[in-house]
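Structure, as structure tokens:
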Amino acid sequence: MTCVETLTHGDIVEIKLARAPVNALNPALCNATREAIEQAVLHGAHGIVLSGGPKVFSAGLDVPYLLSLGDQRDHLLLAWQAFFGLNRALASSPVPVVAAIAGHAPAGGCVMALCCDYRVMASGNYSIGLNETQVGLVAPEGIQRLMRRVVGTYRAERLLVAGALVDAQTALSIGLVDELVEIDAVAERARAWLQQLLSLPRSAMLQTRALARADLVEALRPEHIELDRFVESWYSQDTQTALKALVAKLGK
């Protein structure tokens, strides 16, 4: 069974994360999603909707899988490279991408959303944010830039240092997401926003978009991620303890 579903709506392609139960991002899901983005563009899509759910857009990286790798640092590095490869594909997509967030979007789920052009989230008791510090991780500079780009420098500092997850209404009020709608209407609203954007003169819109998003692409350059340093910190005692506690909590 594929972990990604592709749905065509005219010149808009919806790429749906479909790795039950919570779309945890392992290398297979990251690579399949990146390839789906590339194929959609190759086959002429004018816009892309990235969706997940229901109730969970993506729970972020597959921590149990990553911990199962133990001391296999080369495999751990490949897993993180797959994740950042997906986000670079979102950030550098030559056509607009809307995140249809029909549920929770912590950690890696939030990173993907930040790489999109626009974020439509389900109203209700759903949360989004970068909670890395709560599990003993340091969000790389590049990821911090993504958050600062959307919510501003000081608010990003408060959220990042606390590892805070915020509810949907708060996310809307601080600009972390752009719209809230009922959960069943999230993907439809994402397509409607895209259709409005795609009604503009195409060349001018795309060129303006590319200029406006240059800082987003820059943020994800390897020198701003420092993946080797990130992987090294993964093995620190504090981080391993926090991650194992998280997995134990998830298993209850």
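Values reported hereafter were calculated over all heavy atoms of this structure, with side chains retained and with hydrogens, waters and symmetry mates removed.
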Contact check, side chains of [X] and [Y], non-hydrogen atoms, under 4.5 Å:
X    : Y    : answer
W234 : Q240 : yes
L77  : L227 : yes
V98  : L50  : no
L176 : V166 : yes
V161 : T133 : no
Y126 : F57  : no
K244 : L67  : yes
L216 : L146 : yes

Between the side chain of [X] and the main-chain N/O of [Y], is any donor-acceptor distance below 3.5 Å?
X    : Y    : answer
R189 : V181 : no
Q134 : G163 : yes
T33  : L29  : yes
D62  : A24  : no
R19  : C3   : no
S58  : G60  : yes
R119 : A113 : yes
D178 : Y118 : no
R213 : C115 : yes
H224 : L220 : no

Same apolar cluster (I L V M F W Y, side chains within < 4.5 Å links), F83/V22
no
Rounded to the nearest 0.5 Å, what's the gap from OG on S127 to CG on L165? Could you check?
5.0 Å
How far does CZ of R34 sit from CG of N31, to the nearest 0.5 angstrom?
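Going from CZ on R34 over to CG on N31, the span is 5.0 Å.
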Set of side chain to side chain donor-acceptor pair (under 3.5 Å) partners for R88, sequence neighbours left out
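R88 satisfies side chain to side chain donor-acceptor pair (under 3.5 Å) with no other residue.
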Suppose we screen for side chain to side chain donor-acceptor pair (under 3.5 Å). Which residues come up paired with T239, at least two apart in sequence or across chains?
S236
CD/E182: more than 12 non-hydrogen atoms of other groups inside 6.0 Å
no
Counting only heavy atoms not in E223, do more than 12 fall under 6.0 Å of its CD?
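Result for CD/E223: enclosed.
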So, for A190 and V120, which heavy atoms are closest and what is the spacing to 0.1 Å?
CA-CG2, 4.2 Å
Can you check side chain to side chain contact (heavy atoms under 4.5 Å, CB included) on V138 and F230, steps first, answer last?
CA-CA 8 Å; V138 178; F230 184 82; 5.8 Å; no
Using the side-chain hydrogen bond (donor to acceptor under 3.5 Å, both in side chains) rule, collect all pairs that involve residues 193-208, keeping only residues at least two apart or in two chains.
S203-Q207
Salt-bridge contact R221-E218 (side-chain N to carboxylate O under 4.0 Å)
yes
Mind checking what makes salt bridge (Lys or Arg N to Asp or Glu O under 4.0 Å) contact with R149, not counting sequence neighbours?
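R149 satisfies salt bridge (Lys or Arg N to Asp or Glu O under 4.0 Å) with D215 only.
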Using the salt bridge (Lys or Arg N to Asp or Glu O under 4.0 Å) criterion, which residues pair with E141? Sequence neighbours excluded.
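Counting only residues at least two positions away or on another chain, E141 forms a salt bridge (Lys or Arg N to Asp or Glu O under 4.0 Å) with R145, R148.
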Please list, chain by chain and in numerical order, all residues satisfying side-chain contact (heavy atoms from CB on, under 4.5 Å) with V135, sequence neighbours excluded.
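Applying side-chain contact (heavy atoms from CB on, under 4.5 Å) to V135 gives L137, L243, L246.
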Is a donor from one side chain sitting under 3.5 angstrom from an acceptor on the other, for T241 and D238?
no
